[in-house]
Amino acid sequence: MEVFPSPLESAKFIAEHSKDVSVDEEGARRVAESLFDKASAAEFGLAGWKSLHELNPRAADKEAVDWVFLVDTLNFSFWSEQEDRKYLVKYKHKTYSGYWSLCAAVNRALDDGIPITSASYFATMTLDQVRHVFRSDTEVPLPLIEERHRVLNESGIVLLEKLGGSFLTCVKMSEKSAQKLLRLILENFPSYRDEAVFEKKKVSFYKRAQILVADTWSVLEGKGDGSFDDISSLTIFADYRIPQVLVHLKAMKYSEELMKKLREGTLFQSGDKEEVEIRGCSIWCCALICKHLQELYQKKGQDMQEKINAVLLDYYLWDYARDHREEMKDIPFHRVIIGKDHVFTFDFVFGKNSTQEEVYAVCIKPLLVSLTEGYNATVFAYGQTGSGKTYTIGGDRIASLAVDERGIIPRAIQELFHHVSEHRNIDFHVKVSYIEVYKEELRDLLDLESSVKELHIREDEKGNTVIVGAKEFQVECADEVISLLESGNAARHTGTTQMNEHSSRSHAIFTISIRQKQSAEFQKNTDAAQDSIASKFHFVDLAGSERVAKTGNTGERFKESIQINSGLLALGNVISALGDPKRKSVHIPYRDAKITRILKDSLGGNAKTVMITCISPSSLDFDESLNSLKYANRAKNIRNKPVVNYNPEKDRIDEMELEIRLLREALQSQQVSNQHLHDVNEEKARISSLEEQLTRLQVQYFSYRNCVDEAFPFLVDLNDDVSLRRSQQDRLQSWITMVEKVRKEALTIQETDAGTETSPVPQHITILQLKRELKKCQVPLPSAFRVVLSNLLQRSTFLAAGVDKAILEMSPVV
């Protein structure tokens with residue numbers, strides 16, 4: 001959201017740093033004391049706005065609000081360079097000057113049946129109509145008539161496009177807030193933005209904008225939609241009479257140097273240091289007067305918060321200056337004039353004898369070179385209908401023109417493909433698209449079957465503006481591009497107006513996009529690979545910039561003209577915001593129109609941009625030519641930020657490849673970790689299984705051992721029996737020998753295991769030691785498992801074999 005500096009804060013800053021104007025706080029206090037008894041009088045109240053000024057509207061309705069808007073929109077600079085030669089208007093047997101002459105001219109027009117307060121009328125007024133309505137009754141015309149004409153048309157278009165044709169809509173949108181209404185005015189009507197730079201800081205006064213809020217409050221009598229609860233948040237308007245009164249009342253002082261300039265009749269330019277100090281100090285001085293007045297009433301126990309504000313103080317002081325002009329004639333007032341002789345500075349100027357080749361070589365050829373280097377480029381063709389912009393851009397009847405008559409686009413196409421043919425080591429991919437903006441709707445001129453609803457303006461992930469749904473054609477040669485261009489031109493909206501038989505009724509954008517990369521064969525022969533580059537060239541043919549009334553259009557053509565000027569107004573606002581050096585970090589209204597959204601990159605963004613302004617040499621078109629030059633002059637102040645556009649797809653591929661590589665490494669690491677964990681788990685399971693087997697063998701071992709121990713004495717006794725046959729004795733002796741051998745082997749194992757102990761231990765202790773040894777070996781590396789398990793298997797095998805052998809040998813006895 002755009003930030004508008006506070007006029008009160010600006011005034012305080014100016015007063016604190018002013019060198020030629022000073023505020024006398026004691027003087028402000030004395031003025032407050034002198035006004036104490038008058039603050040409750042009628043002349044200090046809201047009713048005085050109507051009762052004391054016969055030219056102001058009597059009613060409090062929509063027509064009265066529209067009257068206020070018109071008058072305040074034109075309320076600027078009534079000075080003439082010679083004091084005895086003024087703009088004067090006679091109305092109802094009275095002669096008026098200055099601001100009141102403007103009011104008188106408006107009322108005179110209304111009496112004559114001219115709907116001057118209607119937006120649908122003044123949005124299309126010609127300069128001649130403006131001159132007639134505001135005609136002077138002296139030989140001195142209304143100052144800055146061309147500027148007022150421009151402001152009238154501009155404001156009328158805004159009212160028609162955004163506010164239903166009446167300023168009362170804006171008042172209703174404010175929801176009874178003076179500050180909100182002030183902001184709506186500043187956002188929608190650029191001519192009301194009264195700002196300057198003082199001591200390297202942006203300051204504001206918003207004189208006419210605050211007057212418009214205050215007059216709306218007054219004409220609606222502070223009731224209904226005009227009952228602004230925060231009206232006291234406004235400041236005085238710093239009109240030329242107010243500083244004069246404040247100096248006369250000794251609440252403000254001028255330096256000797258400034259006083260000398262004022263006495264000499266010096267005309268200050270708007271924004272001059274002296275002018276800023278006078279206005280800023282006047283606002284701050286009146287703020288102090290209001291503050292002291294409030295304090296005086298508080299001491300008396302009266303609450304005057306709603307009855308004393310800067311608006312009513314401004315009204316009172318302004319009338320005071322008018323009524324006491326003789327007393328104040330020795331105190332000069334400052335005069336500000338807007339504009340001097342019109343001087344413009346451009347990069348190149350081409351006269352009537354300049355050729356198409358000259359225009360292309362000087363303005364466009366450098367852009368084409370930049371395009372092949374990877375930069376975006378844009379060229380605008382701007383001007384009124386019939387001034388030669390379509391001829392210059394080369395967007396019509398190409399085939400029927402002689403070669404030397406061809407415009408910018410055909411020449412750029414030929415040179416681009418000539419460049420492609422000369423660089424065989426680079427692969428070029430060229431695409432074209434052609435979009436029309438007709439009545440604020442997008443239309444694809446190369447694919448007429450596509451619906452308007454299928455085209456959308458979007459921003460990609462890198463912030464670049466793209467048109468989703470627009471068809472791009474891959475092209476291989478210049479003739480193919482020319483054919484597509486002519487096909488699109490034939491589909492473009494044109495119509496007959498008073499300006500031209502084939503007037504363009506839309507804005508058109510022809511775009512050439514190229515992608516380039518070193519060929520695969522060339523990359524094989526070089527070590528360094530070049531990144532892919534993507535760039536585009538917009539050729540923009542804007543519709544005619546003339547005033548609506550000058551075209552003589554009616555019906556559908558009239559609606560087209562309204563839409564055309566609405567788009568150009570939005571484009572102008574963008575250019576003004578971008579090109580104004582006084583604006584810092586300001587909101588740029590790109591989204592106000594389709595044409596500005598599409599060309600966002602070209603205006604203050606990533607592109608090298610050229611604007612070609614075409615003007616007519618006819619004196620009848622002087623006003624249109626002057627406006628075109630002003631438009632282009634503002635555009636010259638824009639500073640773009642072009643960079644080489646490396647292919648975003650290539651960047652994305654690189655990012656994805658890096659991500660894939662990292663994921664693969666992480667996956668491999670995870671797999672190794674999982675395999676190790678799997679191996680450990682297998683070893684743990686195997687150990688557990690062996691422990692279970694060992695336990696079972698231990699039980700069986702003791703069972704068989706007990707059996708052998710019990711049988712052994714019986715076998716010895718049986719051996720002494722003489723009744724046994726010889727064969728039986730031999731068999732019995734072999735059994736005894738076998739048992740002794742087994743018991744001896746078991747004893748040997750027991751002694752071996754006990755060698756590391758301090759004392760002999762039973763055989764079952766050996767088994768328990770083996771179990772503990774196995775448990776200690778569960779944590780170490782897999783190689784340790786293999787040694788321990790091998791030992792365990794040997795012992796388990798021996799025990800099992802011994803037991804099995806004993807069972808087999810004893811089975812016959814059993």
Side-chain angles (χ1 to χ4, degrees), residues 5-41 43-46 178-179 182 194 196 198-199 201 203-207 210-211 213-214 230-255 258-259 273-321 324 328 331 333-334:
S6 163
L8 185 60
E9 293 177 2
S10 297
K12 182 180 180 182
F13 176 80
I14 293 169
E16 290 172 348
H17 296 83
S18 176
K19 294 180 174 58
D20 289 301
V21 185
S22 60
V23 176
D24 188 332
E25 187 157 356
E26 285 302 316
R29 193 183 303 276
R30 288 192 297 271
V31 172
E33 292 172 351
S34 67
L35 294 176
F36 180 75
D37 294 331
K38 299 183 177 68
S40 56
E43 62 267 25
F44 204 87
L46 184 58
Q179 283 299 317
L182 177 64
D194 182 11
F198 181 75
E199 296 294 331
K201 180 178 179 179
V203 295
S204 70
F205 306 105
Y206 302 139
K207 168 189 169 182
Q210 293 197 97
I211 289 177
V213 176
D230 57 345
I231 192 68
S232 60
S233 64
L234 300 182
T235 70
I236 66 150
F237 317 132
D239 188 89
Y240 66 96
R241 290 191 181 276
I242 303 300
Q244 184 188 29
V245 175
L246 295 175
V247 173
H248 170 71
L249 296 175
K250 301 187 184 309
M252 202 165 72
K253 297 178 182 178
Y254 292 154
S255 69
L258 177 58
M259 185 65 81
K273 176 179 172 296
E274 294 89 346
E275 188 249 358
V276 171
E277 289 188 2
I278 291 172
R279 297 179 71 189
C281 290
S282 298
I283 292 173
W284 185 243
C285 184
C286 287
L288 294 178
I289 293 173
C290 286
K291 173 188 172 185
H292 295 320
L293 264 174
Q294 293 285 359
E295 291 172 351
L296 290 173
Y297 278 101
Q298 286 176 2
K299 290 180 180 179
K300 296 288 186 178
Q302 299 181 45
D303 184 4
M304 299 288 283
Q305 291 286 343
E306 296 182 1
K307 296 183 179 180
I308 295 178
N309 55 58
V311 174
L312 297 177
L313 178 61
D314 186 284
Y315 288 167
Y316 177 82
L317 293 177
W318 203 88
D319 291 337
Y320 180 93
H324 296 79
M328 300 189 304
I331 300 174
F333 44 72
H334 72 288

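Just so you know, residue 1 is the first one in the sequence shown, and it goes up from there.
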Kindly indicate whether the side chain of R279, heavy atoms from C-beta on, has any atom under 4.5 Å from the side chain of K207.
yes

With side-chain hydrogen bond (donor to acceptor under 3.5 Å, both in side chains) as the test, would you mind laying out the steps for N309 and S232 before giving the verdict?
CA-CA 5 Å; N309 55 58; S232 60; over 6 Å; no

If you look only at distance, which donor and acceptor atoms sit under 3.5 Å apart when one is on a side chain in residues 27-34 and the other is two or more places apart or in another chain?
residue, atom, partner, partner atom, Å
S34, OG, V31, O, 2.6

Side-chain touch V213/V311, heavy atoms, less than 4.5 angstrom
no

Cut-off 3.5 Å, no hydrogens considered: what does the side-chain donor-acceptor table look like for residues 10-19, sequence neighbours left out?
residue, atom, partner, partner atom, Å
S10, OG, S6, O, 2.9
S10, OG, S204, N, 3.1
H17, ND1, F13, O, 2.8
S18, OG, V21, N, 3.2
S18, OG, V21, O, 2.6
S18, OG, E277, OE1, 3.0

For a 4.5 angstrom cut-off between non-hydrogen side-chain atoms, does L258 reach I278?
yes

Would you say that T235 contacts Q210 through its side chain, given a criterion of any heavy-atom pair below 4.5 Å between the two side chains?
yes

Examine distances only and state if a side-chain atom of D194 and a backbone atom of F205 form a donor-acceptor pair shorter than 3.5 Å.
no

Any side-chain heavy-atom pair from K273 and D20 closer than 4.5 angstrom?
yes

Would you confirm whether D230, through its side chain, and Q179, through its main-chain N or O, come within 3.5 Å as a donor-acceptor pair?
yes

Closest heavy-atom contact between D24 and K253?
OD2-CE, 3.8 Å

To the nearest 0.5 Å, what is the distance between CE (M328) and CD (Q244)?
4.0 Å

State the OH-CG distance between Y320 and L249, to the nearest 0.5 angstrom.
5.0 Å

Do the non-hydrogen side-chain atoms of I236 and L317 ever get within less than 4.5 Å of each other?
no

Scan the side chains in residues 283-292 for donor-acceptor partners under 3.5 Å anywhere in the protein, sequence neighbours excluded, and list what turns up.
residue, atom, partner, partner atom, Å
H292, ND1, E295, OE1, 3.4

